[in-house]
Amino acid sequence: MTRMFAAVLPPEPVKEELAEFLQPRSEHPWIDPEQWHITLAFLARVNDARLDELLDGLRAAGRRRSPVTLRLHGAGAFPDPVQAKVLWLDIAASSADLDELHRLATNVRRAAAHSGAPPDGKDFRPHLTVSRLKRAGQQLDWLDVLSTYDGSPWQATDFALIESHLGEGPRGRPRYEIVERIPLLDDRVH
């Protein structure tokens with residue numbers, strides 16, 4: 001069994017812009033920009049023998065969905081600002097693009113479940129995690145800072161299936177390995 005997730009990856013210019021915003025605030029333990037992503041589905045247990053089936057399902061999901069224009073804007077915390085363990089940036093987009101992103105997440109989750117890798121039961125909430133804290137605590141000041149961020153828009157034309165190797169990255173964080181990038185083609189109209 002392998003730990004994986006499907007996610008939209010922001011392009012390099014978007015990551016560079018956010019990293020530049022966070023750099024003067026380096027006293028906070030920000031996540032490495034190479035790990036920034038928008039999770040569509042977390043798959044804790046992917047059966048290696050069914051990986052091809054999962055990829056086929058994800059490719060089919062990509063063929064049914066269109067590219068979307070996204071932007072990082074606003075901030076939040078899980079579970080809440082007073083007992084925060086995770087700080088994140090919100091995803092801003094037109095209502096049509098947000099709807100399309102939600103449909104993509106639904107299609108990805110269905111494909112995963114069909115291939116024997118049911119995603120976690122959490123509702124899809126598009127966000128980009130920028131900090132994971134070892135202990136829960138009040139993060140109102142950091143949320144105030146993050147809420148001022150207004151990133152440049154980008155067009156997401158694909159998503160990725162990513163393998164997660166716990167504890168193998170810098171400072172004991174996960175190491176991510178892209179298994180495959182899957183284009184958003186919307187071949188339903190052709």
Minimum side-chain heavy-atom gap H114-R110 below 4.5 Å: no
Check L101 against V8 and note the closest heavy-atom contact, atom names and distance. CD1-CG2, 4.2 Å
Mind checking what makes side chain to side chain contact (heavy atoms under 4.5 Å, CB included) contact with A113, not counting sequence neighbours? P119
Which atom pair, heavy atoms only, marks the closest approach of G116 to R50? CA-NH1, 3.5 Å
Is the ring pair Y176/F5 parallel, tilted or perpendicular, if the boundaries are 30 and 60 degrees? perpendicular
Rounded to the nearest 0.5 Å, what's the gap from CZ on F159 to CG on L184? Could you check? 6.5 Å
Closest non-hydrogen atom pair, A112 against L54: CA-CD1, 3.7 Å
Pairwise distance CH2(W88) to CG(L146) - rounded to 0.5 angstrom: 10.5 Å
Are I91 and L143 connected in a single hydrophobic cluster, I mean Ile/Leu/Val/Met/Phe/Trp/Tyr linked by side-chain heavy atoms less than 4.5 Å apart? yes
Give a yes or no answer on whether the side chain of H102 reaches the backbone of E100 with a donor-acceptor pair at less than 3.5 Å. no
Rounded to the nearest 0.5 Å, what separates atom CG in N47 from atom OG1 in T2? 8.5 Å
What verdict does the side-chain contact (heavy atoms from CB on, under 4.5 Å) test give for Q83 and Q138, after you've listed the backbone C-alpha separation in whole Å, the side-chain angles of each residue and the deciding distance to 0.1 Å? CA-CA 5 Å; Q83 290 299 312; Q138 184 169 312; over 6 Å; no
Side chains of P10 and W154: closer than 4.5 Å at any heavy-atom pair? yes
Are any of the side-chain heavy atoms of R103 and L98 separated by less than 4.5 Å? no
Check whether any side-chain heavy atom of L161 sits under 4.5 Å from a side-chain heavy atom of L51, and report yes or no. yes
side-chain contact (heavy atoms from CB on, under 4.5 Å), that's the test. Do R71 and S152 meet it? Break it down for me. CA-CA 6 Å; R71 183 170 55 92; S152 298; over 6 Å; no
In the structure I gave you, are the side-chain heavy atoms of E180 and L55 within less than 4.5 Å of one another anywhere? yes
Any side-chain to backbone donor/acceptor pair from K85 onto R132? Under 3.5 Å, distance only. no
How long is the gap from CG on L89 to OG1 on T129, to the nearest 0.5 Å? 9.0 Å
Exam field: side chain R65 to backbone A61, donor-acceptor pair closer than 3.5 Å: no
Considering only NZ, NE, NH1 and NH2 on the basic side and carboxylate oxygens on the acidic side, decide whether R125 and D90 come within less than 4.0 Å. yes
Given the rule that I, L, V, M, F, W and Y join up when any side-chain heavy atoms are under 4.5 Å apart, are M4 and F124 in one cluster? yes
Minimum heavy-atom distance A77-L87, with the two atoms named: CB-CD2, 3.9 Å
In terms of heavy-atom contacts, R59 and D56 come closest through NH1-OD1, 2.8 Å
Test item: W30 side-chain N/O and R25 main-chain N/O as donor-acceptor pair under 3.5 Å: yes
Take L58 and R63 through the test side-chain contact (heavy atoms from CB on, under 4.5 Å) and record every step on the way to the result. CA-CA 9 Å; L58 295 177; R63 285 192 300 271; over 6 Å; no
Are L22 and Y149 packed together at the side-chain level, in the sense that at least one heavy-atom pair is separated by less than 4.5 angstrom? no
Pair K15 + E17, salt bridge at N-O below 4.0 Å: no
If you look only at distance, which donor and acceptor atoms sit under 3.5 Å apart when one is on a side chain in residues 36-43 and the other is two or more places apart or in another chain?
unit_1	atom_1	unit_2	atom_2	d
W36	NE1	I31	O	3.3
H37	ND1	Q35	O	2.7
H37	NE2	T39	OG1	3.1

Is V108 linked to I162 within one hydrophobic cluster, defined over Ile, Leu, Val, Met, Phe, Trp and Tyr using a side-chain heavy-atom separation of less than 4.5 Å? no
Hphob cluster co-occupancy, V179 + I182, side-chain heavy atoms under 4.5 angstrom: yes
If two hydrophobic side chains count as joined below 4.5 Å and joins carry through other members, does F78 share a cluster with L72? no
Side chain to side chain donor-acceptor pair (under 3.5 Å), that's the test. Do D150 and H73 meet it? Break it down for me. CA-CA 5 Å; D150 189 22; H73 174 79; 3.0 Å; yes
L18 vs L128, side-chain contact (heavy atoms from CB on, under 4.5 Å): CA-CA, chis, key distance, verdict: CA-CA 11 Å; L18 177 56; L128 185 137; 4.1 Å; yes
E20, CD: over 12 other non-hydrogen atoms inside 6.0 angstrom: no
Working to the nearest 0.5 angstrom, can you tell me the gap between E177 CD and H165 NE2? 4.5 Å
Rounded to the nearest 0.5 angstrom, the CZ-CG distance for R109 and L104 is 10.5 Å
What's the shortest heavy-atom distance between P24 and E27, and which atoms? O-OE1, 3.9 Å
Residue D48 excluded, over 12 heavy atoms near CG under 6.0 Å: yes
